[in-house]
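A short worksheet on the structure shown next.
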Amino acid sequence: MRSYDTLVEVDQSDWIGELLAAEPSETWGQWKIRHFVNYIDGGGGYWESVDRAAP
């Protein structure tokens, strides 16, 4: 994936699947969870973030 210095949303994220599996049943479906990655440079530097928002 070439997205240096660009914020990219991960559509099919294992991380989101893990978070949804651990989510308490009383809050299930109250949030839309999104996974973002920003590749900082061509040397492999990146950061990831999971954010949630009301659906």
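These numbers come from a predicted model, not from an experiment.
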Output all residues satisfying side chain to side chain donor-acceptor pair (under 3.5 Å) with [X], sequence neighbours left out; order by chain, then residue number.
X     : answer
Gln12 : none
Arg52 : none
Glu48 : His35

So, do [X] and [Y] sit near enough that their side-chain heavy atoms are less than 4.5 Å apart?
X     : Y     : answer
Asn38 : Val8  : no
Leu20 : Trp15 : no
Asp51 : Phe36 : yes

Self-check item: Closest approach of Ile33 to Ile16 (non-hydrogen atoms, all atoms of both residues)
Solution: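 Result for this residue pair: O-CD1, 3.4 Å.
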Self-check item: Where at least one partner belongs to residues 9-19, residue pairs that pass salt bridge (Lys or Arg N to Asp or Glu O under 4.0 Å), sequence neighbours excluded
Solution: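 Listed by first then second residue: Glu9-Arg34.
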